[in-house]
Amino acid sequence: MLLQSRLHGEKTWISIIESWLFHNFDSSKRMSTAIIGLAAAGKTTVFNALTRGSADKGLYGATKSANIGVGAKPDARLDFIHHAFKSRRKVRAEMMFWDMPVDYASGTVLSRETVNSLQKAKALLLVVRKFEDSSTPHPDGSVDWLRDLEKLTFDILFADIELLDRRVERVESDMKALKSPERVQAVANIEALKEIQMRLEDGLPLRSLSLDESASRAISGSFVLSGLPFIVAVNVGEDDIGIDPEKLRSQASRSLGSNVIDDRTEVVPICGSLEEELRSMDDAEADELRGDLGIAKDDSETLMDACLRCMNTQTFYTASDREARAWHFRTGASAPEAAGIVHSDMERGFIRAEVVAYDDFMRCGSIVEARKQGVLRQEGKNYTFVDGDMANFLFSV
């Protein structure tokens, strides 16, 4: 049947049965960032700051599962849309964070079990320690965030080399059952995978490699950690609050090289302990304390913004009198793909999307006025969504 809103007023400006949608959103579509770090780096503290969580901190073994939480940053555009539609509720776009466990006895960060569980991650958030705290001694006896970052990136490359080793073993094991032409291709794949391994051993992450068609074919379908974007969270002490992130980025680039700290790598300072405290307060109290401390910005929000940029993620909106909601989407998504983020049925039965840019909507103040001024557009399957689009999807199931 055709599920379609009446188009003459904001209260019905939504092309779905609302009660059906609001209970069927697939949470697995949230953008997922895995947090890794050495022992005593404060990664669980950073996790709590990002998610407003209260996960236990301190020593916990490799047998423990990851802490999982969601974070959502304030969104002034959503606030305006919520007010304009007089929506009964407002739902921010959420990100999922996984705080991966560390084996404190061995210092292992990326066990095989951990690597396997990272296969659905869209980015890696590397937490490194730059704060001094005598009550929490560094396992290596001294604080050196560049040394720790180098170790983390080495561990990632080493994990990838092992992953490709296992891939080569599987291909070799399967060769006996292959016909001659398929065997030739399998041999070529093995050679290409070993060539990629050699480049990883030279310290080059997969995302920095320019792969030819043969290598791309060989590694397709393989999960490789160094192919993910990195965000480096430098966990600073209170004396370093306000430190220039470009200074830290420059130091890391000189120390580790541009292949690790490349154009897509974000370096963000954050005082994890202070941000955890601030995020446990309500917004008004937190803003007052930031003012007293002379802190101009929310480092947790800055870090979430960096994660979204690294994942090439933008935001679109849907709204009605019942709910105003923000949704994350990958840059370059088509209209049907954006509809599928709301619900898979909407992508499968996509007909068209009614779209208005946020700036146009803010200027008009309502959908009725946007329609009168001709800025409410009808877009088909080939339309590419842009950040800030407000959308009403029409579909048939």
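Scope of the values below: all heavy atoms of this structure, side chains included, with no hydrogens, waters or symmetry mates. Residues take their numbers from the sequence shown, with the count starting at 1.
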Worked verdict on Thr318 versus Asn392 for side-chain contact (heavy atoms from CB on, under 4.5 Å): CA-CA 6 Å; Thr318 58; Asn392 174 46; over 6 Å; no
Test side-chain contact (heavy atoms from CB on, under 4.5 Å) applied to Asp321 and Lys86, step by step: CA-CA 6 Å; Asp321 64 327; Lys86 298 181 174 58; over 6 Å; no
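The distance from the CG atom of Leu126 to the OG1 atom of Thr153 is 7.5 Å, given to the nearest 0.5 Å. Rounding to the nearest 0.5 angstrom, the gap separating the CG atom in Leu274 from the CD atom in Glu276 is 10.0 Å. Expressed to the nearest 0.5 Å, how far NZ of Lys381 lies from OG of Ser334 amounts to 10.0 Å.
Taking the ring axis of Phe230 as reference, the NZ or CZ atom of Arg207 stays within 45° of it and closer than 6.0 Å to the ring centre. For the pair Arg363 and Phe361, the NZ or CZ position fails the cation-pi test of under 6.0 Å to the six-membered ring centre and within 45 degrees of the ring normal.
Checked for salt-bridge contact, Arg199 and Asp202 miss the test: no charged N lies under 4.0 Å from a carboxylate O. Using a 4.0 Å cut-off between charged nitrogen and carboxylate oxygen, Asp148 and Lys151 do not count as a salt-bridge pair. Ion pairing of Asp79 with Arg92 is absent here, as no side-chain N (NZ or NE/NH1/NH2) approaches a carboxylate O to less than 4.0 Å.
With a 6.0 Å radius and a threshold of 12 heavy atoms from other residues, nucleotides or ligands, Gln119 has its CD atom above the threshold. A 6.0 Å sphere centred on CE of Met198 holds no more than 12 heavy atoms belonging to other residues, nucleotides or ligands. Counting heavy-atom neighbours within 6.0 Å of Asn382 CG, excluding the residue itself, gives a total of 12 or less. Summarising the local packing, CG of Asp239 is surrounded by 12 or fewer heavy atoms from other residues, nucleotides or ligands at distances under 6.0 Å. Arg112 CZ: 12 or fewer foreign heavy atoms inside a 6.0 Å radius.
Taking hydrophobic clusters as Ile, Leu, Val, Met, Phe, Trp and Tyr residues chained together by side-chain heavy-atom distances below 4.5 Å, Ile241 does not share a cluster with Val143. In this structure, Leu278 is not a member of the same hydrophobic cluster as Ile270, with clusters built from ILVMFWY side-chain heavy atoms closer than 4.5 Å. Under the 4.5 Å side-chain heavy-atom criterion for Ile, Leu, Val, Met, Phe, Trp and Tyr, Leu303 and Ile295 are members of distinct hydrophobic clusters.
The one candidate from Arg88, Lys90, Arg89 that meets the salt bridge (Lys or Arg N to Asp or Glu O under 4.0 Å) condition with Glu323 is Arg89.
In this structure a side-chain-to-backbone donor-acceptor pair under 3.5 Å is present from Ser226 to Leu206. Between the side chain of Gln197 and the backbone N or O of Ile161 there is at least one donor-acceptor pair closer than 3.5 Å. Of the possible donor and acceptor atoms, none in the side chain of His82 sits under 3.5 Å from a partner among the backbone N and O of Ala324. Under the 3.5 Å distance criterion, the side-chain polar atoms of Ser214 are left unmatched by any main-chain donor or acceptor of Asn189. Between the side chain of Arg279 and the backbone N or O of Leu50 there is at least one donor-acceptor pair closer than 3.5 Å. Looking at Asp99, its side chain never comes within 3.5 Å of a backbone N or O of Phe47 through a donor-acceptor pair. Looking at Thr331, its side chain does come within 3.5 Å of a backbone N or O of Asn312 through a donor-acceptor pair. Checking side-chain atoms of Thr302 against main-chain N and O of Asp298 turns up a donor-acceptor pair under 3.5 Å. Under a 3.5 Å cut-off, the side chain of Arg309 and the backbone N or O of Arg264 do not form any donor-acceptor pair. Within the 3.5 Å criterion, the main-chain N or O of Arg217 finds a donor-acceptor partner in the side chain of Ser220.
Nearest approach of Ser300 to Glu275, heavy atoms of both residues: OG-OE1, 2.8 Å.
Under the 30°/60° scheme for interplanar angles, the aromatic rings of Trp327 and Phe316 are found to lie parallel.
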